[in-house]
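Reading through the structure tokens given below for one structure.
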Amino acid sequence: MSEFDLKIRSRDIKTLLDQIKKNDPKVNIDIVNKAYEFAESAHRGQLRYSGEPYITHPLEVAITLAILKLDTTTISAALLHDVVEDTQTTIEILKNKFNGELAQLVDGVTKISSIKNKSKFSAQAEYLRKMLIATIKDVRVIIIKLADKLHNMRTIMFQDEEKRKTIAKETLDIYAPIARRLGMSMICSELEDISFHVLFPDEYNRIRDSFSERKTELDSYFDNIKAVLIESFKKFSIETEITGRAKHYYSIYRKMKFQNKDFDSIYDIRAVRIITRDIKDCYAVLGVVHSLWSPITSRFKDYIAVPKSNMYQSLHTTVIGPDGHRLEVQIRTQDMHATAEMGIAAHWLYKEKNLSIGKNYKELTILENINKQFDNTTDIREFMRDLKMDLYEDEIFVFTPKGKIVKLSKESSPIDFAYAIHTEVGEHTTGAMVNKKIVPLRTRLKSGDIIEILTSKNGHPSESWLKLVRSTKARYKIRSWLRKNIEKHPSEETGLKSRREKSKKQEKTVQVTIPVNEHKKLNKMSKKTVPGLSIAGTSNVEIRLSQCCQPIPGDDVIGFITRGRGMTIHKKTCPSLKRLKDESERFIEVVWEGNETEYYPVKIAVFGLDRANLLKDVTDQISLTKTNILKMEANVKDDKTAEIKFILEVKSNTHLNEIMQMIKKIGNITDIYKLNEKVVLNKK
């Protein structure tokens, strides 16, 4: 038996009813009694792996929810949460016997019977999606599920080893992160620690033993800190409750792994939590703490002024405490503390007090994302990938040029920011400035950055953006745009496909006309010598454009018969041809066909003296020529020179020259050329 067995004790319906009455002596418990009697009868004769009657499980789930102070409907649904899945009871029976609200909660946590024959991965994904979509209608669905998962983890030692590891991994990957994103830190911490114990028992035991060895030292250190704080707060007549908060084992393990340190090298394994009466006292306490010990400015976070997306509010600061050790301090009010511990479950406490934090629970980022995306996602693997990415995201706080705060996932790009502002902004993004400097769209944003998005009416999402974005909203909007445009314009699908092929092969198949006097030379060649070379009729042959010089219609070109790759087309001035001068018999004169519907990728470089809106002006000029930008990179050098590189889709040299002439007209532009050939800039 493990130490987690201490959490398991034989409890009966009286324990549950006493807890409910402790929360509210006037509450009507008739529905709870009725639900217990129904569940006990339905599960009678069923046993758990521990050998206990099955009813002990839903009872423990209900007690957990009573401790969290959930309402009697939720507690009753917890008692009944397995009857549809494991007995002959149906949702219709529950509706008739109880009510629609309770039946809907039970339905939300009930596995789908039709997925039993699917793979474990598909079954898990389908169930998660069903449950999370039900959570949008009523967040109590996920609260019941987390309480259910908690009791199953507390009794996981009764499963065989392989099953234990499977369940623990799923819990660590999915359910603990869900609890964290919903702000339910108590449940999250316990789920993580039990999973950690199952998956990494040696590491778990080492951290536990290290804690035991240092317990006396840590307790003494905290007592000293507490005494100093109490004395200081008395001087300012600030009422506080001070507690020590030992970090849970899995949190320490992650820190050791991330920082590559051993246990003895981590000094902030214990933090101090200070709970005050109101918000003004929180800031007063912060001032006192900073007057006692030197703060580490980079570690200060004001989550009161800017709450996390899961409603969490608190002041966080790290100081250099006694003996030079780092000390983490959290400062919050009692209501904030309830939200920090119970997260979304605290909504039901605030609901009665009519506080705004209880009204806005549906604005939680993860619930918004589920509502916008998961119900419309048909690809199961895509759903799971997006869900896991969404669950593990930490937050950063960035600003618009006007000072508005925008919350984004850690590692977000300017594209994520653009979509967070508005879908229209995201869909027409062509560039970005971070802290007044032009940056590539792949740039990763940091808290405190000020971002300005550059847009163009002809700009639009590209498939490559999906690799840059972190937010579920941005991924969903980009995919939606791509799908919609493929449906409306079938040629778009060809374009997207060809771009994917270009990124892999960096080649493009085109048609050129071969002069008649060259046909005999081609026909004499065996197919073995030139595999893949195709001749349409008597005048056309399938060829490829060389990437070394990127020829386009209008260039003076020549064909070269390769060994094993058909014919490649080079500009006659291409430096690569110099090393082939001794193989003149493999050169063929070719000319372009007149085809104004084909587009060719061309790389150009633009240089200029950096100034506000320079990138925007360049992209606007390009858009006036109705040219698609496949890729763009921009940076500013130490000498304030801006360098912007584009990959554009052009029809011909005439088209390219038109683009370059338009760009030359822009103020502060000093140079522009195709990347494989320098062009002298003659500004008129």
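Remember, predicted model here, so these are calculated numbers, not experimental data.
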Are any of the side-chain heavy atoms of [X] and [Y] separated by less than 4.5 Å?
X: Glu192; Y: Leu172; value: yes
X: Thr318; Y: Pro295; value: no
X: Asp302; Y: Leu286; value: no

(request) Would you mind telling me which of Leu65, Asp24, Val32, Asn23 makes a side-chain contact (heavy atoms from CB on, under 4.5 Å) with Thr72? (result) Val32
Test your reading of the model: is there a side-chain donor-acceptor pair from [X] to the backbone of [Y], 3.5 Å cut-off?
X: Asp71; Y: Thr74; value: yes
X: Ser189; Y: Met186; value: no
X: Thr333; Y: Met336; value: yes
X: Asp18; Y: Thr15; value: no
X: Tyr36; Y: Ile55; value: no
X: Asp86; Y: Val83; value: no
X: Arg273; Y: Val329; value: no
X: Arg164; Y: Gln159; value: yes
X: Ser185; Y: Ala340; value: yes

Please give me the minimum heavy-atom distance between [X] and [Y], naming the atom from each residue.
X: Leu315; Y: Ile304; answer: CG-CD1, 3.6 Å
X: Leu191; Y: Met153; answer: CD2-CG, 3.8 Å
X: His151; Y: Thr56; answer: CE1-O, 4.3 Å
X: Arg444; Y: Lys467; answer: NH2-O, 3.9 Å
X: His81; Y: Thr110; answer: O-OG1, 4.2 Å
X: Val288; Y: Ile238; answer: CG2-CD1, 4.4 Å

Under a 4.0 Å N-O cut-off, is there an ion pair linking [X] with [Y]?
X: Asp209; Y: Arg206; value: no
X: Glu170; Y: Lys149; value: yes
X: Arg154; Y: Glu60; value: no
X: Lys14; Y: Asp12; value: no
X: Glu40; Y: Arg44; value: yes

For the atom pair [atom1] ([X]) and [atom2] ([Y]), what is the distance rounded to the nearest 0.5 Å?
X: Leu47; Y: His57; atom1: CG; atom2: NE2; value: 14.5 Å
X: Lys234; Y: Glu239; atom1: NZ; atom2: CD; value: 12.5 Å
X: Ile187; Y: Glu341; atom1: CD1; atom2: CD; value: 11.0 Å
X: Tyr221; Y: Arg214; atom1: OH; atom2: CZ; value: 10.5 Å
X: Gln313; Y: His337; atom1: CD; atom2: NE2; value: 14.5 Å
X: Asn152; Y: Ile156; atom1: CG; atom2: CD1; value: 8.5 Å

(message) For Tyr250 and Phe196, I'd like to know if the aromatic rings sit close, meaning centre-to-centre distance below 6.0 Å.
(response) yes
Distance-only side-chain donor-acceptor flag, [X] / [Y], under 3.5 Å:
X: Asp82; Y: Tyr54; answer: yes
X: Arg48; Y: Thr155; answer: yes
X: His43; Y: Gln46; answer: yes
X: Arg332; Y: Gln330; answer: yes
X: Ser413; Y: Asp416; answer: yes

(request) Specify whether His290 and Phe300 have parallel, tilted or perpendicular ring planes, treating 30° as the upper limit for parallel and 60° as the lower limit for perpendicular. (result) perpendicular
(request) Return the orientation label for the Tyr249 and Tyr204 ring planes: parallel under 30°, perpendicular over 60°, tilted otherwise. (result) perpendicular
(message) For the residue pair Lys301 and Tyr303, would you count it as a cation-pi contact if the rule is NZ or CZ under 6.0 angstrom from the ring centre and within 45 degrees of the ring axis?
(response) no
(message) I want to check a possible cation-pi pair here: Lys407 against Phe397, using under 6.0 Å from ring centre and within 45° of the ring axis as the test.
(response) no
(message) Under the criterion salt bridge (Lys or Arg N to Asp or Glu O under 4.0 Å), I'd like the reasoning laid out for Asp148 against Lys145: C-alpha separation, chi angles, the key distance, then a yes or no.
(response) CA-CA 5 Å; Asp148 167 55; Lys145 182 59 188 178; 3.1 Å; yes
(message) salt bridge (Lys or Arg N to Asp or Glu O under 4.0 Å) for Glu328 and Lys255? Distances and angles first, verdict last.
(response) CA-CA 14 Å; Glu328 289 187 4; Lys255 196 161 196 173; 3.8 Å; yes
(message) Check this for me: Leu199, atom CG, are more than 12 non-hydrogen atoms of other residues, nucleotides or ligands nearer than 6.0 Å?
(response) yes
